[in-house]
Enquirer: 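My structure is below; once you've seen it, I'll send some questions.
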Amino acid sequence: MRSEELHETLLPKRLALPIFASDPLSSVAYATQEILLVLTLGGMAYLHFTPWIAAAVVALMAVVVLSYRQVVHAYPSGGGSYEVVSHNLGASAGLVVAASLLVDYVMTVAVSVASGVDNIISAVPQLAGYRVLMAVVFVALLTGVNLRGVRESGQAFAAPTYLFITGVLIMVVTGLFRYALGRAPVSESAGFGIAPDPRDAGLAGFALVMLCLRAFSSGCTALTGVEAISNGVPAFRKPKSKNAASTMSIMGTVAVAMFVGVTALALITKVHITDDSCRLTGLTGDCGTYTQRTVIAQLAAAVFGGEQSFGFYFVQAATALVLILAANTAFNGFPLLADILAQHRYLPRQLHNRGDRLAFSNGILALALAAGLLLWFYEADVTSLIHLYILGVFTSFTLSQTGMVRHWNRELRTETEIDAETRRRAQLARVTNAVGAVVTGLVLVIVLATKFVQGAWLAVVAAVVLWLTMRGIRRHYDAVAAELAVSDPRAELVGPSRVIAVLLVSTIHKPTLRALAYARAFRPDHLEALTVSVDREESKDLERRWAALDVDVPLRVLDSPYREITRPVVEYVRSLHRDSPRDVVGVFIPEYVVGRWWEHLLHNQSALWLKSRLLFTPGVMVTSVPWQLTSSRRADHPARRAPGAIRRGEPLPIHQHRSHSTDSTRP
């Protein structure tokens, strides 16, 4: 797609919802499960805290959604939390948010894909041994789809997201209806008891509070990805801010409805799930080989009449698919944020480049690589990965809402001519963001306190390393810009006193003669050939053959008793520039152009090493003079044209033009 066709990739709300909100919507599939897993550490006695913890998560979701609606309207350029914090709290605080979000986007891909694989295994337990392979393959497939472009990925992911929403809501409504009729569904694990973890048995006081806080922090995974819409405002159709805010409201409403419904059904059907199957009491058989189904799988089986029912397979298929596709939120958020950071010179400029399909290809590939390595290292285990999760999200939430409070303070202080209604809305927005900052700040403290020693420290370390790296990249770019800045154009345009050309010669053949002709075409003030003598007989033979050429170019022979080639050449070239600093020395190196990968190992090694050394020598220009060997012609064969060559307007080979013209005359 051409650059001017970028507007054609803008998204309507029906596609923007599955693209930017699939992560918070799909987290319904495991948020309730994470709450139950933590509470059952103390045994079944603490499951009655589930409704209160779920209510706290819902209240937090409402606060965050309302707060980010203010961000969407105030900062529609797409920087989201990073732009808000950078503009209001400073560049360093902005980088904290950026580093936290980048790490969390990687975690989003890893956790979503791992959870999706878990649900596939719940339906087909025989696939348990292929967990890691399946996860890595799904990341590769997501990468391929996203490289096709934002609009194409939205069309591919829209149906699974809507099928998941439909399946979960039908399951919730059906289950609640049966409960209202007095025929409540019963889960497959309702008959099991749960023995408390010895470390968490008989909790009371502060320990019980900490257990509930841990369960709450795990349930807050339902909020991951909420900020992605604020980062992706430029991808919406006009009016961008209004459409983005509407999409965020729809996302919040649907996510809350599904989360509340799933949690209520889990309590009604008496789902008992634990992190260790051997703590299940009443289980027959070997507990070590027993695979517990996910909460969503147990609910589907209970509501729809067993694990062989159509409803069960529909919900499981939709859940697994949407969890895997939920990683698409990160595949859109990560490249967009990386693009903004690259524009601000905090990340390599390559992350600002768009591919053939107007997607940020480099950012997509970087995210896929990082997530794939994480899945491989943690063996695609959701429980292990979840501890590294959501820390960055709440860092972003807290700082962005604090930044929005400062934004409204500045607006109310500096805008003296605004009407009373606008001032009232700004004051209400400030209160909303202030409440959001306090609440998310408290949650951040809870998450740190409950998850740090369980693995969240690794996410903190990764964010700190990334923060330092981005500051280092910015310092480098600033230093290079300062060094390259033109202060006096006239002084920079002053030419050298002389141009001295040096032709490197190893033997006399066609490439050498072409390089000689090319060097003479530059009309240097002085031209000489240079060779290194590692064998006296060969050097004398080269001198005789050079003299026989009868060219007005002297051949200088450098003696090398230790058979080195690079050092004598570099030292000689440096001496030329050292003797006359205002001179420019041009070094011409004949090189072979080959067509097979293994031929690179057989040719040009000396030339490559020489160039790498000479490029660091001030006042020296290095010119490669190519000689195309026969094998290089195969690289221009029509069957080996690069992907996208036709789109880029590269000319067709002659025989294809002829074929096309002949075919076009046929009736």
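Since the model is a prediction, treat every value here as computed from it, not as a measurement.
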Enquirer: From Gln33 CD over to Ile296 CD1, what is the distance, rounded to the nearest 0.5 angstrom?
Expert: 9.5 Å

Enquirer: Just wondering, do Glu34 and Val38 contact through their side chains at under 4.5 Å, heavy atoms?
Expert: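 Contact flag for Val38/Glu34 side chains = no.
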
Enquirer: Ignoring hydrogens and angles, tell me if any N or O in the side chain of Ser309 forms a donor-acceptor pair with the backbone of Gly306 under 3.5 Å.
Expert: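 Here the side-chain-to-backbone pair exists.
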
Enquirer: Do the side chain of Ser112 and the main chain of Val109 share a donor and acceptor less than 3.5 angstrom apart?
Expert: no

Enquirer: Okay, side chain of Thr402, backbone of Ala437: is any donor-acceptor separation there less than 3.5 Å?
Expert: no

Enquirer: Could you tell me which non-hydrogen atom of Pro51 sits nearest to which non-hydrogen atom of Leu267, and how far apart they are?
Expert: CG-CD1, 3.6 Å

Enquirer: Without hydrogens or angle criteria, can the side chains of Gln298 and Ser189 be said to hold a donor-acceptor pair below 3.5 Å?
Expert: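 Side chains of Gln298 and Ser189: pair found under 3.5 Å.
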
Enquirer: Would you indicate whether the side-chain heavy atoms of His272 and Leu47 approach each other to under 4.5 Å?
Expert: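 A side-chain contact under 4.5 Å exists here.
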
Enquirer: Counting distance only, does the side-chain N/O of Trp467 pair as donor-acceptor with the main-chain N or O of Ser92 below 3.5 Å?
Expert: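 Pair found, side chain donor or acceptor close to backbone of Ser92.
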
Enquirer: With a cut-off of 6.0 Å (strictly less than), are more than 12 heavy atoms of other residues, nucleotides or ligands near OH of Tyr179?
Expert: no

Enquirer: Determine whether Val132 and Leu375 make a side-chain contact, defined as any pair of heavy atoms from C-beta on separated by less than 4.5 Å.
Expert: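 Sidechains of Leu375 and Val132: no contact.
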
Enquirer: Determine the minimum heavy-atom distance between Gly311 and Phe304, stating which atoms define it.
Expert: C-CD1, 3.6 Å

Enquirer: How close do Ala215 and Ile53 get, heavy atom to heavy atom, and via which atoms?
Expert: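 Closest approach of Ala215 to Ile53: CB-CD1, 3.6 Å.
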
Enquirer: Dump the intermediate steps for side-chain contact (heavy atoms from CB on, under 4.5 Å) on Tyr130 and Val117, then the final yes or no.
Expert: CA-CA 9 Å; Tyr130 303 97; Val117 170; over 6 Å; no

Enquirer: Test side-chain contact (heavy atoms from CB on, under 4.5 Å) on Ile165 and Met258 and set out the steps.
Expert: CA-CA 8 Å; Ile165 294 172; Met258 290 195 298; 4.3 Å; yes

Enquirer: Distance-only, no hydrogens or angles: does the Arg69 side chain make a donor-acceptor pair with backbone N or O of Ser249 under 3.5 Å?
Expert: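 It does not hold such a pair.
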
Enquirer: Val405 and Asn433: which non-hydrogen atoms are nearest, and at how many Å?
Expert: CG2-C, 3.8 Å

Enquirer: Among Thr263, Thr294, Thr50, exactly one meets side chain to side chain donor-acceptor pair (under 3.5 Å) together with Thr32. Which residue is that?
Expert: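 Between Thr32 and the candidates, side chain to side chain donor-acceptor pair (under 3.5 Å) is satisfied uniquely by Thr263.
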
Enquirer: Heavy-atom distance under 4.5 Å between the side chains of Leu102 and Leu341, does that happen here?
Expert: yes

Enquirer: State, to 0.1 Å, how close Thr440 and Phe394 come at their nearest heavy-atom pair, and which atoms those are.
Expert: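 Closest heavy-atom pair between Thr440 and Phe394: O-CD2, 4.1 Å.
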
Enquirer: When rounded to the nearest 0.5 angstrom, what distance separates CG in Leu17 from CG in Leu25?
Expert: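 If I round to the nearest 0.5 Å, the distance is 5.5 Å.
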
Enquirer: With a 4.5 Å cut-off on side-chain heavy atoms, are Leu280 and Ile194 touching?
Expert: yes

Enquirer: To the nearest 0.5 Å, how far apart are OH in Tyr313 and CD in Gln308?
Expert: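 Those atoms lie 4.0 Å apart.
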
Enquirer: Using a 4.5 Å cut-off on heavy atoms from C-beta on, say whether the side chain of Phe397 contacts that of Val63.
Expert: no

Enquirer: Indicate yes or no: at least one non-hydrogen side-chain atom of Leu369 is less than 4.5 angstrom from one of Leu365.
Expert: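 When only atoms from C-beta onward are counted, Leu365 and Leu369 do not touch, as no gap falls below 4.5 Å.
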
Enquirer: What closest approach, in Å, do Phe312 and Ala297 show between heavy atoms, and which atom pair accounts for it?
Expert: CE1-O, 3.4 Å

Enquirer: Within a strict 4.5 Å, meaning less than it, do heavy atoms of the Gln401 and Val84 side chains meet?
Expert: no

Enquirer: Give, for atom CD1 of Ile120 and atom CG of Leu321, the distance between the pair rounded to the nearest 0.5 Å.
Expert: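 CG of Leu321 is found 8.5 Å from CD1 of Ile120.
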
Enquirer: Let's go through Phe216 and Val443 carefully: what are the C-alpha distance in whole Å and the side-chain angles of both, what is the deciding distance for side-chain contact (heavy atoms from CB on, under 4.5 Å) to 0.1 Å, and is it a yes or a no?
Expert: CA-CA 9 Å; Phe216 171 69; Val443 176; 3.7 Å; yes

Enquirer: Kindly say whether Ser187 contributes a backbone atom to a donor-acceptor pair with the side chain of Thr269 at under 3.5 angstrom?
Expert: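 Such a contact is absent between Thr269 side chain and Ser187 backbone.
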
Enquirer: Nearest 0.5 Å please: distance from the CG atom of Leu101 over to the OH atom of Tyr82.
Expert: 11.5 Å

Enquirer: Atom OG1 of Thr395 and atom CG of Asp104: how far apart are they, to the nearest 0.5 Å?
Expert: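 The OG1 atom of Thr395 sits 8.5 Å away from the CG atom of Asp104.
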
Enquirer: Between Lys13 and Ser246, is the side-chain contact (heavy atoms from CB on, under 4.5 Å) condition met? List the steps.
Expert: CA-CA 8 Å; Lys13 292 191 289 292; Ser246 299; 3.9 Å; yes

